[in-house]
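Only one structure is covered here, and it is reproduced in the block below.
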Amino acid sequence: MKTLDLREFEANRSDGVSQMLAGIKGDVDSILWTAQMRSSVRGGKPLGGPRIEDPPERDR
Amino acid sequence: MSPKELLWADSEGYQRRLEKSGIALIAVQRTLASQPHQVRGSEEFLRLFQWVANADPNHFTQVWRDPSAYFWVRRAVHFLASLRGEPLGTAERDYCADIGIDNPKDAIEHHLREFKRFVLGLAIVAGADVSFDEPYHASLPMAIPGTPYVLTGDAGATISGFSRGAIQMMNPSRSLAISDAGSTTDAGAHLELCPTMHCGEVSVLLNPAMFRLPGIGIPREWSNLPLAFQFEHAKLVSDALTAIRRFQPWTFSHLAAGLHTIALKPDDDTFLNVTVSELPGAFVCTVPTDAYLLAATFIHEFHHNTLFAIEERGPFFEASEEDEIEGENHYSPWVETLRPLHGILHAVYVFQPVFRFWTAAIREGSLSEWRLAFARDQISRAPVQLEMGINQLRRHAKLTPRGKEIVDALAAETAELMEESRSLGATLETPVVGITKSGVLRHLIRGGHQVTVRESLLEHLEASDIHGECAEEKAHLANAASV
């Protein structure tokens, strides 16, 4: 992971900052964020297969 | 870069996302500096921002690559935009609901106060003193960003700053020395250390408290469990990472570049495993389980992260009448409920490297009997599910040119996986193997008969494809059964 230097960004990333500022002041959807979502789903199963029940205690 | 390289080889996406969050922090500072009196707390935020910007960049990077930093800065951008009339996103609405606030002005004021947890993390990492004009009221347990420390206790904590190696607390006044972390069992506020797992170049925290953030949209009761639960299952995590390193070194190199925090939770009725778009490099997994299944789960969940990073280069879906992100409208061969197209795209992507993991493990030839049986279930099932997923996207999605390139690349990969599956002798008559809640691999037996992969896929279609979207695939599977 490369170092993140805010001072260097302030000096050399003015295009990115301006684009972000424009998003804040105008159209926030113009900023390329990933869609807000969660991977979890109701009824999700282990690795796409069915859930297997443990046998009753007496059968273990 | 070709779509295939973008999907599987590019490990720079994690860095790009981190850099974007740094740029966003500067934009937040400039927005507030242009109107410091509009938002209460701006002056202190601007002072703390300067303190952060003047810190050693290595220390700042350690703190700002914490998944919660992206969460914080993206909310800040959206709340500031909403002060100018932009609508709130789902995560911001959920955030407001969680903290009982109903307007963006109160939300951004609350949110600016939360910046202090990053300042505290940086003070600890840098060993530098800092004080807050207005004390920070922390809800416990609180993960301190960029560190393995968790501030925990029965009630909240009021923090006035950090000095002489200790967090300075108020009401009552006391100091919590970092050097004492993990040695106090006091029920009052105290510091604990979460496990840090190291495997080769991968280093990951096991820290459920990091997920205690408003509006992330998952139940969080499990995150209050004592850290002992993480330590209890740490060996399982270590074994899973070792398995990835052995069978899928290219994913392992991605983990080294982008993985930060995992939380383990017990099995319950809420969810099994989860990755949240707002927390780069983090996911939650349910245990107990088998170490190789956990490895496959890590690969699965981490690739959600990868696809989120890829999506920040440009959207996959055109705007249409359908809500591709949240509209649960379509059959997915992996879950019982209908799913949004975006979710189906994610599933098609993340199950491909999982398939590759299992084929590599089979080819290596040392899997135990039950792991081999589970692997054969997976490589028999996955190609059929992937093809259905691709078909669903092609039938229903309005894709951007980038999205079409991605889906075409995934379709080509699926064709390769089918061939790979056949070459390993996988068939639809393979018996289903699953894992129980207690973490044991077993066949699915019904009426004294071992259910086959074909039967389970057909049963799933019968139960969950309520609109008959995959009727053609269902007929194909049923006809193949009668041959």
Side-chain angles (χ1 to χ4, degrees), chain A, chain B residues 15 18-19 22-24 26-27 30-31 53 57-58 60-61 64-65 74 77-78 80-81 84 86 89-91 217-218 257 271-272 274-278 293 296-297 300 304 308 311-314 325 334-337 339 342 346 351 354 377-378 381 385 432 434-438 442 444 456:
Chain A
M1 191 64 68
K2 294 175 200 151
T3 301
L4 199 58
D5 183 341
L6 285 178
R7 291 291 181 225
E8 191 269 327
F9 272 31
E10 285 179 316
N12 299 321
R13 297 292 191 99
S14 55
D15 284 358
V17 175
S18 298
Q19 195 179 9
M20 194 68 72
L21 280 168
I24 291 173
K25 291 175 179 170
D27 176 12
V28 77
D29 289 335
S30 68
I31 303 169
L32 287 175
W33 300 111
T34 190
Q36 292 180 4
M37 69 164 279
R38 302 170 287 275
S39 69
S40 94
V41 286
R42 293 181 302 280
K45 299 167 295 181
L47 293 169
R51 167 75 82 178
I52 313 285
E53 296 303 320
D54 277 305
E57 198 66 42
R58 64 177 184 279
D59 295 341
R60 292 186 196 179
Chain B
Q15 177 72 21
L18 175 65
E19 290 181 3
I23 286 169
I26 294 168
R30 290 195 182 167
T31 303
N58 291 307
F60 172 68
T61 305
W64 208 247
R65 70 178 291 266
R74 187 169 177 188
V77 164
H78 283 276
L80 287 172
R84 291 162 170 79
E86 286 284 308
T90 307
I218 55 173
F271 63 86
L272 203 62
V274 69
T275 303
V276 178
S277 60
E278 310 307 294
L293 268 71
T297 301
H300 174 129
H304 283 302
F308 287 133
E311 194 176 14
E312 297 218 341
R313 293 168 73 101
I325 310 301
W334 292 279
V335 294
E336 276 85 6
T337 53
R339 293 291 290 145
H342 196 272
H346 264 257
F351 274 108
V354 170
D377 168 304
Q378 292 285 297
R381 168 191 310 282
Q385 292 171 311
V432 169
I435 190 155
T436 68
K437 285 191 176 192
S438 62
R442 309 182 75 88
L444 178 59
S456 76

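From a predicted model like this one, the values you see are computed outputs, not experimental measurements. In the text below, chain A, chain B and the rest are named by the order of the sequence lines, each starting its count at 1.
- When heavy atoms are compared at a cutoff of 4.5 Å, B:V77 approaches chain A by way of both its backbone and its side chain.
- Contact count against chain A (heavy-atom pairs under 4.5 Å) is highest for B:E19 among B:R30, B:E278, B:E19.
- For the pair B:R313/A:L32, no side-chain contact is recorded, criterion being any heavy-atom separation below 4.5 Å from C-beta on.
- Between atom NZ of residue A:K25 and atom CZ of residue B:R84 there is a gap of 6.5 Å, rounded to the nearest 0.5 Å.
- Partner A:L21 forms a side-chain contact (heavy atoms from CB on, under 4.5 Å) with one of B:T31, B:I26, B:L80 and no other, that one being B:T31.
- Of all heavy-atom pairs spanning B:S277 and A:Q36, the tightest one is OG-CA, 3.3 Å.
- For B:A81, the side chain to side chain contact (heavy atoms under 4.5 Å, CB included) partners two or more places apart in sequence, or in a different chain, are A:V28, B:E86.
- The CD1 atom of A:I52 sits 13.0 Å away from atom NZ of B:K437, with the distance rounded to the nearest 0.5 Å.
- B:I325 and A:A35 get closest at one heavy-atom pair: CD1-CB, 3.5 Å.
- Interface remark: B:A24 contributes backbone and side-chain atoms alike to the contact with chain A (heavy atom separation under 4.5 Å).
- Side chain of A:T3 to main chain of B:N58: no donor-acceptor pair is present (N/O by atom type, distance under 3.5 Å, no hydrogens or angles).
- Looking at B:R74 and A:I31, their side chains never come closer than 4.5 Å, going by heavy atoms from C-beta outward.
- To the nearest 0.5 Å, atoms CD1 (B:I23) and CG (A:D15) are separated by 9.5 Å.
- In this structure, A:Q19 places its CD atom where only 12 or fewer heavy-atom neighbours from other residues, nucleotides or ligands lie under 6.0 Å away.
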